[in-house]
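Whatever order the structure lists ligands and atoms in, that order sets their numbers, starting from 1. Hydrogens, waters and symmetry mates play no part in the numbers below; they use all other heavy atoms, side chains included.
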Amino acid sequence: MSSNVVPISFSANHLHSKWAISNSLQNNNNNKISGFNSYFRVNAATLRKCCCLTSNFGQSKLHLENEKKPSDLGSISGDGKIDDTQIITKDLSSLPKPLSSTDLVSPNSDGSKVRVAYKGSPGAYSEAAALKAYPKCETVPCEEFESVFKAVELWLVDKAILQIENSIGGSVHRNYDLFLRHRLHIVGEVKLIVDHCLLGLPGVQKEDLKCILSHPQALVQCKTMLNELDVVKVNTEDTASAAKTVASKGVQDTGAIASSRAAEIYGLHVLSNKIQDDSDNVTRFLILAREPVIPGTDRPHKTSIVFTLEEGPGVLFKALAVFALRDINLSKIESRPQRNRPLRIVDDSNKGSSKYFDYFFYIDFEASMAEPRAQYALGHLQEFSHFLRILGCYPVDTNL
Ligand SMILES: O=C(O)C(=O)C[C@]1(C(=O)O)C=C[C@@H](O)C=C1
């Protein structure tokens, strides 16, 4: 058997490269290919079906193994010369497919290879938010917010999606706290219109319901309708699991508040739709990743930060002024207690000592970290903050 190996130069993009191979491939003698004196061009996609390529500094060893028929390679046209080519014969079909340049294209370009963790069950709004961001992604349900963070940290998924605030119910405080216990970066946001439906088993009327299950945020968002119905409200982990419970238990007098998508998934009927108090009910989600995105200025960006402040009169006013001075709009401000240092004791010689709560301040401002005004503002803020962390700089979701 022949045992020559030829180094073949190739360009970075395999798919569009033309490959040099021996015209002996056109021999019907599968395992005995020798005596090369010319080479041929072959489409790399075709070649990949039967070749194993290993690359090293822009050169590749081409192993053509146990070709059934050289004609499998498709059309081959020839020009030029090549010496000392070597063919190794072996069955390749069971070997792993080598990575090609298409495999190495950013997995996020169409979302098709992205795995996104979310809290909840299939049919939850958080899953819908993941699909809005990456329409072809694989969604990975998690039982807890903590697991959503960990799934990314442990490389089980590429991204996480996390609800952060709702236009009726306000902030999801737990998730603000979790940012500081993990080192993930905010790489995007998703604003999702949340139209709640009242779901029940087929044949059930709204008036038959005595009990309604849903996620606490959804129950808050539908308070008016719930008060009118005079029903018992029961919290569930997420809206989709409420729908799932109603469907699996088969109890006629129990309904769920969830999406129409959840109704389809679990085979329930929509008894009423758009039952939320405000018709414009929007939940904002954040997309988290292990690595930050490079801040751009090509489209509107937002930056999220968290910081603590030194004590002193007017220090919060000064902190906010660093943005106002540079015409930077703030789109969100939130404060959370510092759990490891909940109280600050301040001694005032005239009034004795007092105890204050100590806070983390979270701000979203409408500027990109690629803009000098944002960099100067944060430099200025650092003058009176003990601790400052940029949680992420990401494009604003303008698609609502
Ligand atoms: O329960 C769900 O389906 C969720 O995705 C959770 C959640 C939330 O936490 O706010 C998401 C969007 C709606 O605001 C209601 C519930």
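Of the N and O atoms on the side chains of Ser304 and Lys332, not one donor lies less than 3.5 Å from an acceptor on the other residue.
The local environment of CD in Glu237 is sparse, with at most 12 non-hydrogen atoms from other residues, nucleotides or ligands closer than 6.0 Å. Counted within 6.0 Å of OH on Tyr376, heavy atoms from surrounding residues, nucleotides or ligands total 12 or fewer; the atom is thus considered open.
Contact check on Glu146 versus Arg181 returns a salt bridge, with a Lys/Arg side-chain nitrogen under 4.0 Å from an Asp/Glu carboxylate oxygen.
Tyr266 does not carry Lys244 over the face of its six-membered ring by the limits of under 6.0 Å from the centre and within 45° of the normal.
Residue-level contacts of ligand 1 at the 4.0 Å heavy-atom threshold are Ala124, Tyr125, Ser126, Gln163, Asn166, His215, Gln217, Gln221, Asp238, Thr239, Thr283.
A single hydrophobic cluster is seen to contain both Val148 and Leu391, as judged by linkage of ILVMFWY side chains at heavy-atom distances under 4.5 Å, directly or through other members.
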